Structure formats: C-alpha cells, structure tokens
Amino acid sequence: MADEAVAERAAEPASHDPQKSQGSRSPEAPPRGRERGGERGGDRGGDRGGDRGDEQAQGEAEAHDGPEAGDDEAAERAKERERAADRIKDLTRDPLAEEDGEDGPTDLAAAARARRAGRKLLTSGRDFTSFDRSRIGHAHIGDINVSLDARRSGVAMRGGPVPEEELRRLRRAHVEPAGYVRLRRALESRRLLVLGGAPGTGRTCTALALLDEVTRDGAGDGGRVRRFDPHQGEGVRGLVGEVKGRDGGEGGEGGERRGTGYLLELALDRPGTLPPDEMDLDQLASTLAEGDAYAVVVVSVGSAANPLLAGRYGMVCPPAPSQELVTVRLRERLEEARDHEALERAARIAEDPEVIEAVGLDDLRPAEAELLASLLAEHLLGSLTREELLAGCRGIAAVQAHEWFAGVDRALAAAPSSGDGRTPVRSATAALFHPVAFRIALAVLGGGSHSAVSAAAHLLTWELSVQSDPDSTPSRPLFCDDPESDRALSRARSDDGAIDVAGAEVTGQLIFYRGSALPAAVLAEIWDRHFPVRAPVVRWLRLLADDPRPQVSVRAAVAAGELSVRDFEYGFGELVRPLAEASSPRRRVFAATALDQVAGHASHRKAVRKVVDDWSRYGTASLRWTAAMTLGHGRAADSVDAALDALARIGVRDQGRQLAVASLNVVRLLTLPECATVLRRLGQWAEDRREEYQDLALVTIVRLATTGVDEVLDDEPGTPLGDRGDWPLLLALAVTRPELTGTLADLLWTALNTARSRDVAFDALEALLRSASRGERRERGERGEGREGGEGRGGGDRMRPGLAALLPALTSDEHDRQQLEWLLRRMMRDQDRPLTTEQASALWRLAVPARQRRSDEEESHG
C-alpha cells in the first residue's frame, strides 16, 4: 500500500469502499475481526469468552424456531450488545464528576500538581513529633543565655533606663540594616521617628542603636536612653508628659536630663487600642525639640499602623542581613574561645546543605542568628555533637511558631464592658485572630495563590472568633486588609507563578513562607500545644474540602493527613472517617488523600493499610469508593498485587457499581515501577470468563489510552515519566518501558476487537492520534517563533517515538492495518476537525514501516 493511499481513498465515494468485499461495511463502522475469539497469530489468540459465536447462535436459533423467531432473537441480541456498549462507555467517564453531572469536568492534572506541592511543603525531613522544644525555647549554651520565647506584641518591657552595659554590648554586636543611615538622619532632623517592623526582626535593637548614637553626648549616668512603659500613661500623650517632667519642662528638674532618648513600643493590635493621631505626634516632636531629646516609637506593621508609617514621622525598619548577623555572632563566640582559625570552618558548616535544611528558614532574625552562631561555635568547640547541632537547628522554626501562637487571645480575658450591662459590645476577636488565621492558612495552602490563602484565612478567622466568643457576632472592617502586613507578620514572600484555573494555567501571585520549616512547625504548634483550637480548624478544613479548586481542597487534604499523624485517633475520627462516608466525591477524595499522606509515615502505614483493607471488604459503598482512591496512590496496601486484588474486589462488586473508580486507580498504579505487574493483571482479567472482570479490564484499557501522565503522576519533573507530563500515559509507557510495548499493544487490540468496547476504544485511539497531530502542528508554528516545542498536550515530535513504538505493534497484520486506515479516513472526513493529508500520511508511515509497505504493494500488484 502506498504512503498516500489513505489520503487518496478518503476522497472516494462510499460505493467504491474496498471494505465492501468484506461484508459491505460502511465507512462509519470499523472492519470487524473475530469477536475476541478467533486465531490472531502470535500471542493474541485463544478463546476469551464474552461476545463470541453470534453468527453460529443466530443460525441455530433460526433452524429451531423459524425465520421470525430468529429475527426477534437477533434483534434482542443486538439491543443487548448496544446496552453493553453503552455501559462500557458510561464506565469510562470520569468517576470524580458524578456530582456535577455525567459530563462534569474535573481537573485531575491540577489535583496531582496540588498534591505534589502540598507533600513537598510539609515533608521536609524533620520529626517534630520527637522534638523536645524545652531544650531550645530558652537555650543556655556555654556562657550565653539566649531567650527566644517572644512576648505577645504589645506586652512591652517595663519603663526605666537602659543600662550602659547593654548599650555597649549593642554597639559591639548590632548589625546595621540597609538604610540605617537614612533612619538616623530622619531621627536627628525630626527628633521623632515612628519605626515600623514585624516582631522579632530587630526593630527594637535598631531603635536602641539609633537612640544610643544621637544621645552619645547626653547625660552619662545611665539614664540617657530610657524605655517608656505605655501603661503608665496614654501612649504618646503620656510620653509627652514624661519628656516635660524630666527634660526641663514645667515642674521638671532643669536641664540636667536634657539629651535623653526615649523608646516607646505601642501595641496597636490589641482590641480597643487606637493609634495616635498626627496632632499627638506633632506635640511630642515639639516637646522633644524643646528638651533637646529624641524618641523612637516602635509599632508592628499592620492596617492600624499604616497611617502612622505613611505620615511625616513614619519609616519602615528593614531586617538586618542574616549572613552578616551569623558572622558577627560567630566572631564574638570564637574570639572568646580564642580559636581564630575556626571562623572559616564554622562558615563551611553553616553552608552544609544538611544544616541549611535543618534550619529551614530563608533569613534569620537577630535572636535566631545568635542561637545558630552559638550552636555552630559549641559544635566546633566539641560541646555539641552533629546530631545535637541538627536538633538545635530544627528547633529554631518551632520556637518561631510558638512565639506566634502563645497567648494570642489573652487580651480577650479583659474584654471591654458596655457600661450599662445591657448594650452588647461588638466583638473585636476577628481583628485579633486574623494574623493567626493567616499563618495557619499559609501553612496549609502555601505555594497557592495569595487570594486563595487570604480567603481561607478569613474563613478561619470566623471559626476562631466564634469558638472564642460564641455569644457575639464577629465583625471585621472590610477595607483594612494589608497584604504587605500579612507577609511581614507571617514571614512570607510572594512571587508570580502559574495557577490552575478551569484546566488552564494562568499567571498569578503566589505566596510562600520564607522557609521550608515553617509550615510543619505551625501545624505542629497549633495541634500539639493548643487543643481547643482543633475544633475550629477541623470545621475549617471540612469547608476547604468542598472547595472546587484543587489547589485548595487537595492541599488542605495533605495538611489534614499531617495533622492526623500527630494524633491519629483524633484526626481519623474527626476528619478522615466522616469525609470518607460523605455523599460528595470531592469530600471522599479529600479523605483518601489525607489517608495516603498518613501512610507516607512508616509509623502509621500498618494502621492505614488495615483501615483500607477493611473498607474494601466490609465497608459501605462510600467507604469502598474512598478505599479505591486511596489504593491508587500505591501506599495503602502491602504490595501492588494486594492493591490490585482490593481494586478488583471493589470494581466487580454490586454488578460493577464502582467499576469506574476502580479502573481509574488501576491506571494510577501504572506510574509505579511495578507497571509490568499491573499490565499482567489486566491481561488476566481480560482472559477471565466472568464478564465483570472482562469489563474491568476493558474499561481500564480504554481509560489508559485517554489519561495523561500529568493526571496520575506523583513524581516531580526529572524522572522519565515526569519529563513527559504532557503525554498520554499509554505513549509515555511505550517509550519509557519499551519492554512493555507489546503487552500494551495487545491490551489495546483486545479493547478494539471486543464488540462492547469497540466504539469507545476507537474513539480513544482517535483522541490519541489527534493529540499527537495537534502537538506536531503547534510545534511547527512555534519553531517559526524560536520557541521550544512540545509544551502543550501531545508533545508533537517528542511524542513521535511513542507512536512509532506503539502503532506498528498494534497493526501487525492486514486486518489491523485496514482498521487503522478506516480510522484515518474517518478522521479526514470529520467536518469539524478534519485531519490533513500530510498528518494522515505521517501517522500511516509511523504505523506501517517502509518494509511492510513495500510488501503490501507487492502483494497488491501480484
């Protein structure tokens, strides 16, 4: 047969169809081979049961009952075959789209990507379950006592003079942040500086360093730099009175106290606290100028502080550089130990990937840098083993999480009263809990879109507020969100990246923690140390389970699995089991994903496998469905064979009621190294004389041909399959596992040559060929623009090796080539999406090697 034969015959009228000689079949029906039973040559033979023997049975019926009875029975058999074909077609639809209607779309690829991202976010090699925080929370290493337990922002130090010894140590150890000179000049010229920053970033140290510099020529009796307790007066107004009283104002002591520097830390995040207005600041600046004094007012970044920082006295305090902080602290420690050659060794240890991973923070705050430097120094001096060093490094993120959540709602114990005892007071719990909720939402959904994290944070804010103050309706201003404040208060960063929207990728703003250790540390802190918060978090996670966006629901499921590991009894009873029995497929997927995440921990794997096995055998329909989705990940059974046994048990039960979800998860197992085991089992099911097992095999084969790698793969790019995420799984396996190509072709041939699966199998093969053609056409257009091809689904030339491997194995004899020719001609005559002559010829050349084409031509001419 010539290369252009397909294209030439496509234009021929139906009356000249060469298939007429084989039974006058129309171009709309593929040429039939034996009904799964005839001798096929090679390893495709044997009687496989099912739809065989129709003509013989029809002849016997006609001889026994006469022509009319034979016609009726043949018509009934035809209807039965049609019903069987419709059933196979229904079973190949997406089982996750049941709640949206039979054609409702689900984005399995987006769900797989979200699951990979969530696992990467929360699996960082650290065991917080066994971490003893008491060894690090108040670290005493050598002769340095490092207190890391932060107070709640707004609980300021007591007022009084700052000792000169502390100022001298500050001058020796302080690392100036970027823009420090600009801050000092602003303070010198205005006398007053409102300095904004996140707690723990060194803002107070910078404020003290600024006051120490500008008051260097002031009183030297230990009172030239003073802290002012805001509880002594009304914040800024109280400081005005303090300045007048001490620096020569009315009723003061004359000028002996002139040149004093004042530090005031305002707590604007407490309920009922109002920021000072511009007139109060002007009055304070005037009073400071009269007394030749200076003041720095430290505030936390946030919506309440924004007007202050945007005013004439406001400036943001940038954090000090982490590496320089560590170096300075190391130099201090090693100079005290008189080991001047150890600094380079310490720097090399600090850059060790294992140490960097153990710390898990992109940048260090001053106290953290001091602790890391002390750990490194003590390790070099022989006081700490490497294991103890790594344990101490892992504890740094845990301490940060403890600082964020310790005593958050303590201020609610002194809630304001309405005065008359009757008028209700609007609750301020929402404003108090929003930063906390944002940190938890970021731990669960980090790496997702900023809008998704913010929306989830507001949901959790409501749940926390209602749990804390059930008698009041939480209220929250609508225009006070500040993304910059959210990032600063949560050690977060944002970046542009790809977001999955309705099956397509668009560019949006993503948000992450500034450190891989923080998400797990936050979840461990809230789950292990704050039991009352579990109830609102569980309600919140159930709400996220209903979110139609995989980046939300799947990431939340991974987090739910991690929380369940920390207390499996509670997590299973409150999250996994209730959602596993839900009527919504989305909630059952959530439960299955959480269970698989638990199975990723060796300590809980046996328990998960027992649960899944029991559900597959004795569970309700919903529990069996959830068990099937869990088995597809490959970790919920002792072996792949055991997983396949359970999936078959689920799929054939109740007349195949859950055969669709079982077949989907058999396909997911094909991405595992034990792929050959799965294919062998498919062949056994296809050979089985029981029709329900045959149907499981046929539906799985068709689903294999229509599933993309990115829809079922757990691996990251860089693996043989991961690099082909945009390929159909069938072709990717044919390339990456060439020894299995023959088996893959045999299975697909079985579906193509079985009556009840023939139509849907040919549709799947057509979709496979069209995806390759679309990708090839796209690549040709992109090459003209200098772009790399193969980025879209199909892969074009990249997919060619897969087609070149599969199609010849699928068309090994003349009958198979006739079927392919019929399919290509049908695709070329399609009015909506016609295949071009060039594309059809290219596919034909891939399917029929040149040697075979010459042999066919010789036979036709002979």
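The structure displayed is predicted, hence computed values, not measured ones.
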Donor-acceptor pair, side chain of [X] and main chain of [Y], under 3.5 angstrom:
| X | Y | value |
| --- | --- | --- |
| Gln551 | Ala110 | no |
| Ser490 | Arg487 | no |
| Arg605 | Gly600 | yes |
| Arg542 | Val537 | no |
| Arg394 | Val359 | no |
| Arg724 | Ala732 | no |
| Ser663 | Ala660 | yes |
| Tyr513 | Arg493 | no |

Presence of salt bridge, [Y] and [X], under 4.0 angstrom:
| X | Y | value |
| --- | --- | --- |
| Arg491 | Asp362 | no |
| Arg534 | Glu574 | no |
| Asp614 | Arg617 | no |
| Arg624 | Asp654 | yes |
| Arg586 | Asp546 | no |

Using the salt bridge (Lys or Arg N to Asp or Glu O under 4.0 Å) criterion, which residues pair with [X]? Sequence neighbours excluded.
| X | value |
| --- | --- |
| Arg577 | Glu581 |
| Arg649 | Asp613 |
| Asp695 | Arg87, Arg756 |

I want to check something: taking the side chain as every heavy atom from C-beta on, are [X] and [Y] in contact at a cut-off of under 4.5 Å?
| X | Y | answer |
| --- | --- | --- |
| Trp625 | Pro585 | yes |
| Asp495 | Ile511 | no |
| Leu541 | Leu563 | yes |
| Pro550 | Asp500 | no |
| Ile440 | Ile526 | yes |
| Leu670 | Val712 | no |
| Leu704 | Thr700 | no |
| Leu740 | Cys675 | yes |

Point-to-point distance, once rounded to the nearest 0.5 Å, from [atom1] of [X] to [atom2] of [Y]:
| X | Y | atom1 | atom2 | value |
| --- | --- | --- | --- | --- |
| Leu364 | Thr201 | CG | OG1 | 13.0 Å |
| Ile356 | Glu354 | CD1 | CD | 11.0 Å |
| Arg119 | Thr593 | CZ | OG1 | 10.5 Å |
| Thr707 | Leu729 | OG1 | CG | 7.0 Å |
| Leu669 | Leu647 | CG | CG | 6.0 Å |

message: Tell me which pairs pass ring pair (Phe, Tyr, Trp, His ring centres under 6.0 Å) where either residue lies in residues 553-589, with sequence neighbours left out.
response: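 Listed by first then second residue: Trp527-Tyr570, Phe531-Tyr570, Phe568-Phe572, Phe568-His604.
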
CA sep, side-chain torsions, deciding dist, call: Asp710, Arg116, salt bridge (charged side-chain N to carboxylate O under 4.0 Å, His left out): CA-CA 11 Å; Asp710 54 1; Arg116 290 197 299 269; over 6 Å; no

Identify the two heavy atoms, one from [X] and one from [Y], that lie closest to each other, and give their separation to 0.1 Å.
| X | Y | value |
| --- | --- | --- |
| Phe590 | Ala545 | CD1-CB, 3.4 Å |
| Val661 | Asn665 | O-ND2, 2.7 Å |
| Glu525 | Ala401 | CG-O, 3.7 Å |
| Ala521 | Ala397 | CB-O, 3.7 Å |
| Thr461 | Ala437 | OG1-CB, 3.3 Å |
| Glu711 | Thr706 | OE1-O, 4.3 Å |

My understanding is that only residues two or more places apart in sequence, or in another chain, count here; which of them pass side chain to side chain donor-acceptor pair (under 3.5 Å) with [X]?
| X | answer |
| --- | --- |
| Thr92 | none |
| Ser553 | none |
| Lys606 | none |
| Arg549 | Asp547 |

query: Which residue pairs satisfy the salt bridge (charged side-chain N to carboxylate O under 4.0 Å, His left out) criterion with at least one member in residues 502-511, sequence neighbours excluded?
result: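 Listed by first then second residue: Arg113-Glu505.
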
- request: Mind running side chain to side chain contact (heavy atoms under 4.5 Å, CB included) on Leu442 and Phe512 for me, showing each step along the way?
  value: CA-CA 7 Å; Leu442 185 57; Phe512 310 82; 5.9 Å; no

- prompt: Judged by modelled atom types alone, do Gln509 and His450 share a side-chain donor-acceptor pair under 3.5 Å?
  reply: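 Checked: Gln509/His450 side chains show no N/O donor-acceptor pair below 3.5 Å.
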
Check against side chain to side chain contact (heavy atoms under 4.5 Å, CB included), Leu543 and Glu463: CA-CA 11 Å; Leu543 290 175; Glu463 294 293 342; 3.8 Å; yes

Pairing residues for His458 by the ring pair (Phe, Tyr, Trp, His ring centres under 6.0 Å) criterion, not counting sequence neighbours: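 Expected list: His434.
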
Under 3.5 Å, side-chain donor or acceptor atoms of residues 626-644 against the rest of the protein: list the pairs with distances, not counting sequence neighbours.
unit_1, atom_1, unit_2, atom_2, d
Thr626, OG1, Ala580, O, 3.0
Thr626, OG1, Ser622, O, 3.0
Thr630, OG1, Thr626, O, 2.8
His633, ND1, Arg115, NH2, 3.3
His633, ND1, Arg668, NH2, 2.9
His633, NE2, Arg668, NH2, 3.0
Arg635, NE, Asp596, OD1, 3.3
Arg635, NH2, Asp596, O, 3.1
Arg635, NH2, Asp596, OD2, 3.0
Asp638, OD1, Arg609, NH1, 3.3
Ser639, OG, Ala642, N, 3.2
Asp641, OD1, Arg681, NH2, 3.0

Results of side chain to side chain contact (heavy atoms under 4.5 Å, CB included) for Tyr693 - residues two or more places apart only: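 Scan of Tyr693 (side chain to side chain contact (heavy atoms under 4.5 Å, CB included), adjacent residues dropped) gives Ala648, Val652, Trp685, Asp688, Arg690.
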
Neighbour count >12 (heavy atoms, 6.0 Å) for atom CZ, Arg657: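 Not buried by this count: 12 neighbours or fewer within 6.0 Å.
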
